[in-house]
Amino acid sequence: MATTLSSGAAAELPIRSQSVRTRRPPTTSRPEPPLPRSESTNRAEASRPHRRSSQRSASGATTAATTTTTTSTATSSRHHPHPSQQQQQYHHQQQPDMSAAAAAAAAPHGHASAGDDHRNGADAGVSTHRSATGTTKQRYRTVIPAPSGNYAFIKTIGQGSMGKVKLAKKEGTNELVACKIIERVSPDDGRQSREEREKADAAREDRNAREAAIVSLLNHQYICGLRDNLRTRWHWYMLFEYVNGGQMLDYIISHGKLKEKQARKFARQIASAVDYCHRNSIVHRDLKIENILISKTGDIKIIDFGLSNLFSPEEDRKLKTYCGSLYFAAPELLQARPYTGPEVDVWSFGVVLFVLVCGKVPFDDQYMPALHQKIKKGAVDYPNWLSSECKHLISRMLVTDPKQRATMQEVMNHPWMLKGYNGPPDNYLPRREPLTLPLDPEVISQMTGFKFGPPEYITAELTKRIKSPKYQAAVRRLEKERERPEPIAKDAEKKRGFGFDFYKRRNSVTSKDTLTAASSEGLSLGDDPLNAFDPLISIYYLVREKLERERNHVYIDLQQPSKAQQPPPSSSQTVMPVPPSPVIRPKEKHSLADIVPPQPVHNAEPRSRQRTRSHSEDQPREPIQGGLLSPDMVPAKKESTAAGILRRLSTRDRRKEPPATASSTDGKPPLRGSMSMRAKSLGHARRESIQMRRAKREAEAAAAQQAQSQTTEPQRSYQSHHHSVREETDAELVDSDIRGETSGGSNERLEPEDPDLVKPVFLKGIFSVSTTSTKPLSEIRADIKRVLRVLGVEFNEIKGGFSCRHTPSINHAERQPTVMTEGGNEIEFEILIVKVPIVSLHGVQFKRLAGNTWQYKALAEQIVRELRL
Ligand SMILES: Nc1ncnc2c1ncn2[C@@H]1O[C@H](COP(=O)(O)OP(=O)(O)OP(=O)(O)O)[C@@H](O)[C@H]1O
């Protein structure tokens, strides 16, 4: 829920740990009327508004001529006049946060209960159906007729405060999407007057439209992309690329805290995505560990732009909506101070980074006011095993005074971020030129969803900005910089915020002037005609780039191994980023990335492969403190490659195994126990040999990568694709080798495996295997059931695991309502048993579906501890 300050009163964030935003009040089942094609929108269609004017849908219904974007509420209201839409008019004000502020003012305080969400989720799927006898029946909607095709729901994969997220499959293909279902209209539950409801709905509609507009424009490999978008009378259906590697949170539960090297890889990707947003005048405002998913290639994807907004560098256009998740919220938000935008993301990013490297949040307290105080104070206890550079970076991000807080430039150029890389992360911003007149009317017509106003108004406003002395002066500065000889130009780029001389800054850290300049020097807000100069200008660029992509049928391969995982060839590349090398392919083939499971890809960085692992920063010097995670969960020395994972699993096995005097070697027929030991030894020998082969391949890969660094960008992308294919072939080979040799030798192998009881996991999926075991599947299942019963967790057996539900008990006598107890107590999650084919182990994987993140984390960790696999 978004909240605003009421006339100067000190606003406190509502007590809850979920994102603070409007949440639907309870609903009753509502039949969904037949879907009007006129409200269907998609990116492809949106790019061809003129041709669409008289198209006919398959059913023969005329497609509305003027519904061109995901968010043209004015148009769609003609078909389904919603009370809130009747009030909607174009807002000509320049304050970009106006709609959000209105939302805040109107937002109902309080979350619906988990039970409400279930009802809503069901309602979200309701449709009417005319039977053969002509009577109208109500039934759950199972198919979403999106403009790009019909998508059938498979199952619920997530639940946030805004509604359910369901996995859906495009009919006739294997393309999977994550469908976010958001209600548009609050039911009358008697708690609000009609006016209040309508006001809240209008505000929520603005936010949903803005989310859809923003995610449809962003094009970045570490941001979850919108595939399609459909608005019906009652719901928004946002179809996102399905990110199937799990949540970062589950990854942390699986691995405990991450080693700094692994955390750095993720942090660089987060920085890349966040900087890209900021340079496009977009602030996320809800960065938190739950909003970071991991793709099958092991890269991050940022989700949930539901609280994002445009920001402006102008002092008088600061944002005033105080939203986000409490644990991750910047102190100025708790104090209800107006803010520009990027600085609140830097704080949240600092909290995320702390969670990555420490496995817990930096500010925590069961008692809400105490938690507020801790955040406002910003005092962080850093574990002594954290490297001093990492500590320094986090401490620069968690500075309570936003003016003193590090900018994204400082973050990206911090020595901790650069370690092992040749430069700061690339933000993948396409190369841009300053805007000139005349403006493209097609671009203007697509600048919807932000309540900028009608096209004529947008044109007039943009023209005014482009002609303004400030913009023209910024353009002249840019031209001069570009004309200068390279070293001077680079220096100027630095001043413009592309580069950041961390050491210079650190050296001058005693200088008051430099310190107070920190926040503004990063983005050079308002000085750079190409970056975050003005929201209107940024959106013009984004829409123009989107139209170009659609026209040329060029897409970034969202699944391709990321270039930013590898150290950039030179820092100069980052000084003026070039567009990512696109994979050119016909539009309809875009979905193939989803059909074909992504190939295992090496994440290793060429430099670290070539050198000996000499520095010890990634190894904790002592066991985890604080007891949140069991020491077992701290991975042993970990490499980022599959080989590293294999080695780790193997090491763990060795530790568990008895000395090599086992009966497996004495020639006697093994008893049950010794048989299993023999199987383990065999598995060991096999794994050792796999490791050697892997190590050899790694060496080859390192050599190949060295050669690759001299190739051109398209070549590199081609080769990396090839490299992935080779990796999978190898993996398959190894797998069949194991099968051949161990068949009959392991009781684990002899056990018939019901495919419904276990889910195979691709190599990259090992990432989220929390615990692996050589125990037979039946034993693991029995163990899980035992532990769940002991802990009082309700469960159902489902395909591949267990669906679980738990309501943690709270001692109300002891304390006040806490973060943990807000917004409903119930936790829903799945425990999946996965099969790790190559090493022939089983792994247990957790997946949160609903409920409080930290309660879930604590419970999952307790289950893992009790399982002792
Ligand atoms: N593209 C995706 N692929 C896979 N899972 C997804 C995807 N998008 C969302 N999810 C799942 O659904 C959950 C809720 O999604 P999302 O955060 O967008 O909803 P929300 O209502 O905005 O949540 P919140 O209340 O936390 O802000 C996520 O935590 C994640 O588990």
Side-chain angles (χ1 to χ4, degrees), residues 1-2 14 16-24 107 111-112 114 116-117 120-121 124 151 153-169 175-183 204 207-208 210-212 214-215 218 222-229 235-251 253 284-296 299-308 323-329 348 558-559 593-594 768 819 822-824 827-830 832 845-854 856-857:
M1 182 194 70
R16 62 177 64 103
S17 63
Q18 279 178 302
S19 300
V20 183
R21 68 174 79 174
T22 311
R23 186 163 164 133
R24 302 167 320 288
H111 273 182
D116 299 328
D117 285 337
N120 288 332
Y151 290 81
F153 286 140
I154 298 175
K155 61 171 183 171
T156 300
I157 52 169
Q159 182 154 4
S161 53
M162 296 305 290
K164 286 199 173 187
V165 177
K166 284 175 181 274
L167 181 65
K169 195 167 128 202
E175 184 185 342
L176 294 172
V177 292
C179 179
K180 188 166 173 174
I181 305 164
I182 306 169
E183 293 220 342
R204 196 170 50 219
R207 268 201 313 282
N208 294 336
R210 196 169 55 210
E211 177 180 3
I214 286 176
V215 289
L218 296 178
Y222 303 131
I223 295 175
C224 184
L226 186 78
R227 289 284 161 82
D228 211 340
N229 187 20
H235 299 105
W236 284 85
Y237 298 91
M238 297 185 197
L239 305 175
F240 289 93
E241 63 171 306
Y242 174 50
V243 187
N244 49 1
Q247 295 186 14
M248 178 68 87
L249 180 70
D250 294 324
Y251 187 96
I253 290 172
H284 186 284
R285 298 200 297 191
D286 199 15
L287 283 178
K288 56 180 177 177
I289 205 81
E290 300 93 310
N291 284 340
I292 300 171
L293 304 186
I294 301 184
S295 72
K296 275 282 180 194
D299 297 319
I300 66 123
K301 294 272 182 186
I302 295 183
I303 58 163
D304 196 1
F305 281 72
L307 292 180
S308 61
C323 53
S325 167
L326 182 53
Y327 286 108
F328 296 80
S348 309
L558 295 164
Q559 300 280 356
D594 289 331
S768 47
V819 183
E822 275 297 316
I827 307 168
E828 266 181 67
F829 60 101
E830 285 176 357
L832 302 170
Q845 204 175 28
F846 286 79
K847 198 166 182 294
R848 183 181 73 110
L849 295 181
N852 179 282
T853 305
W854 306 100
Y856 155 75
K857 183 173 183 279

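Whatever order the structure lists them in is the order used to number ligands and atoms, beginning at 1. Sequence positions, counted from 1, serve as the residue numbers for this chain.
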Colleague: What atoms in ligand 1 come closer than 4.0 Å to a heavy atom of V165?
Modeller: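 Numbered from 1, ligand 1 contributes 9 (C), 10 (N), 12 (O), 14 (C), 15 (O).
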Colleague: Which atom names give the shortest non-hydrogen contact between I294 and V243, and what distance separates them?
Modeller: O-CG1, 3.4 Å
Colleague: Show which atoms of ligand 1 fall inside a sub-4.0 Å distance from at least one heavy-atom site of N291.
Modeller: 17 (O)
Colleague: Could an N or O of ligand 1 be found under 3.5 Å from any N or O of Y242, whether backbone or side chain?
Modeller: no
Colleague: Please could you name the atoms of ligand 1 that L293 approaches to less than 4.0 Å, counting only its heavy atoms?
Modeller: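 With L293 as reference, the close atoms of ligand 1 come out as 2 (C), 3 (N), 4 (C), 5 (N), 6 (C), 7 (C).
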Colleague: Which heavy-atom pair separates R227 from E241 by the least distance, and what is that distance?
Modeller: NH2-CB, 3.6 Å
Colleague: Compare every heavy atom of R285 with every heavy atom of S308, then report the nearest pair and how far apart it is.
Modeller: O-NH2, 4.2 Å
Colleague: Determine yes or no for a side-chain-to-main-chain donor-acceptor pair under 3.5 angstrom, with N291 supplying the side chain and D286 the backbone.
Modeller: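 It does hold such a pair.
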Colleague: What I'd like to find out is whether the side chain of F240 reaches to under 4.5 Å of the side chain of I303, using heavy atoms alone.
Modeller: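 Sidechains of I303 and F240: no contact.
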Colleague: Could you tell me which atoms of ligand 1, counted from 1 in the order shown, lie closer than 4.0 angstrom to a heavy atom of I303?
Modeller: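 Once the distances to I303 are compared, the set is 8 (N), 9 (C), 17 (O), 28 (C).
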Colleague: So if I count the atoms of ligand 1 from 1 in the order they appear, which ones are less than 4.0 Å from some heavy atom of M162?
Modeller: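 Once the distances to M162 are compared, the set is 21 (O).
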Colleague: Measure the shortest side-chain to side-chain distance between M162 and E211 over non-hydrogen atoms and say whether it is less than 4.5 angstrom.
Modeller: no
Colleague: Enumerate the atoms of ligand 1 whose separation from the nearest heavy atom of A178 is less than 4.0 angstrom.
Modeller: 1 (N), 2 (C), 3 (N), 7 (C)
Colleague: For K301, which part has a heavy atom under 4.0 Å from ligand 1: side chain, backbone, both, or neither?
Modeller: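 The answer is neither; K301 stays 4.0 Å or more away.
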Colleague: What are the two closest non-hydrogen atoms of N208 and E183, and how far apart are they?
Modeller: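 In this case the closest contact between N208 and E183 is ND2-O, 4.1 Å.
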Colleague: Determine, considering heavy atoms only, which of I157, I181, L167 sits nearest to atom 5 (N) of ligand 1.
Modeller: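 Minimum heavy-atom distance to atom 5 (N) of ligand 1 goes to I157.
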Colleague: Applying side chain to side chain contact (heavy atoms under 4.5 Å, CB included), name anything that partners I289, two or more places apart in sequence or on another chain.
Modeller: M248, L249, I252, F328, V352, V355, L356, W854
Colleague: Using a strict 4.0 Å cut-off to heavy atoms of D286, name the atoms of ligand 1 that fall inside it.
Modeller: 27 (O)
Colleague: Do NZ/NE/NH1/NH2 and the carboxylate oxygens of K180 and D304 come within less than 4.0 Å?
Modeller: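 Yes, K180 and D304 are salt-bridged.
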Colleague: Give the atoms of ligand 1, by number and element, whose distance to some non-hydrogen atom of C224 is under 4.0 Å.
Modeller: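 Checking each atom against C224, I get 1 (N).
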Colleague: Is any N or O atom of F240, backbone or side chain, closer than 3.5 Å to an N or O atom of ligand 1?
Modeller: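 Among all N and O atoms of F240, none is under 3.5 Å from an N or O of ligand 1.
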Colleague: Is there any N or O on Q247 that sits under 3.5 Å from an N or O of ligand 1?
Modeller: yes
Colleague: Of all the heavy atoms in K288, does at least one lie under 4.0 Å from an atom in ligand 1?
Modeller: yes
